[in-house]
Amino acid sequence: MPEAPLGGDAPVAANFVFEVDGVEIGAFKEVSGLELVVTTQEYVEGGQNQYVHRFPGVMRWPNLVFRRGLVNSDALFSWVTKTSGDEFAGNGNALTRATGAVTVVDGTGKRLRSWQLDGVFAVAWSGPRLSAEVAESLVETLEVAHNGFRAAAS
C-alpha cells in the first residue's frame, strides 16, 4: 500500500477478515485487542533523586475479540477441535498453535492491511441470539489468544 501524505485521509475499513493458516475463519465488522503493552521495570539508584531508571519488561498482547460477523463454522470448529477438542486429546494434549492473520478489507473487497498473529488459538465463541419475535442482525463473537503480531503484506 503506498504511503499517504502526512495529514491525508485515512482509509475506511468495511470488514475485517480473520484467517488461520490461510483458511478464512470469518468476516467481521469489529475487531478489538489489536494492541501491544510493554511493561516497565524501575530501578532506583542511590543518590539519584531526579528520576528513576526505567527499563522495558515483558511484552503483553491482549486477546483479540471479533464481533458482528458470521464465521465459516466448518473452518472455525475444525480449527477449535485441533486446539481443544478430540484431536487435542488425541495429540497427547499438546497444543498445536497456528498462524493467524487479521486483514482490513475496504468496501470493494480490496485488502488494505494485514497483521500476522503468532501462536493463535480460540478461547471463546458465542453464536447469534435466535428469536422469532425479534428481527435483529445475526452476530457472532470470537475471541482468540496469541503470542504477538507483526505487519504483513496484504
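Computed from a predicted structure; not experimentally measured. Counting from 1, the numbers follow the sequence of the chain as shown. All values below were derived from every heavy atom in this structure, side-chain atoms included, with hydrogens, water molecules and symmetry-related copies excluded.
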Same cluster or not: [X] versus [Y], using hydrophobic residues (I, L, V, M, F, W, Y) connected whenever any side-chain heavy atoms lie under 4.5 Å apart?
X	Y	answer
Val65	Ile25	no
Tyr43	Val38	no
Val23	Val31	no
Leu36	Leu64	yes
Val144	Trp61	yes

How far apart are the closest heavy atoms of [X] and [Y], and which atoms are they?
X	Y	result
Val80	Ala122	CG2-CB, 3.7 Å
Ala151	Arg113	CB-NH2, 3.3 Å
Val52	Glu42	CG1-CB, 3.6 Å
Gly127	Glu140	CA-CG, 4.2 Å
Val17	Glu19	CG1-CG, 3.9 Å
Arg129	Leu138	O-CD2, 4.4 Å

Heavy-atom donor-acceptor pair, [X] side chain to [Y] backbone, under 3.5 Å:
X	Y	answer
Thr141	Ser126	no
Gln48	Gln50	yes
Asp21	Thr99	yes
Ser137	Val139	no

Could you state the interatomic distance from [atom1] ([X]) to [atom2] ([Y]), rounded to the nearest 0.5 Å?
X	Y	atom1	atom2	value
Leu112	Phe16	CG	CZ	9.5 Å
Thr39	Met59	OG1	CE	10.0 Å
Arg67	Glu143	CZ	CD	8.5 Å

### Query
Parallel under 30°, tilted from 30 to 60°, perpendicular over 60°: which one fits the rings of His53 and Phe55?
parallel
### Task
Take the angle between the ring planes of Phe28 and Phe66 and call it parallel below 30°, perpendicular above 60°, tilted in between.
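Geometry flag for Phe66 against Phe28: tilted rings.
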### Pair Phe18-Leu142, side chain to side chain contact (heavy atoms under 4.5 Å, CB included): steps then yes or no
CA-CA 10 Å; Phe18 177 56; Leu142 173 65; 3.9 Å; yes
### Task
Apply side chain to side chain contact (heavy atoms under 4.5 Å, CB included) to Asn15 and Thr103, showing your working.
CA-CA 8 Å; Asn15 287 301; Thr103 303; over 6 Å; no
### Message
Walk me through whether Val120 and Trp79 qualify under side chain to side chain contact (heavy atoms under 4.5 Å, CB included).
### Response
CA-CA 10 Å; Val120 297; Trp79 172 51; 3.8 Å; yes
### Task
Start with the C-alpha gap between Glu136 and Ser131, add the side-chain angles, then the distance that decides, and say whether side chain to side chain contact (heavy atoms under 4.5 Å, CB included) holds.
CA-CA 9 Å; Glu136 61 186 19; Ser131 172; over 6 Å; no
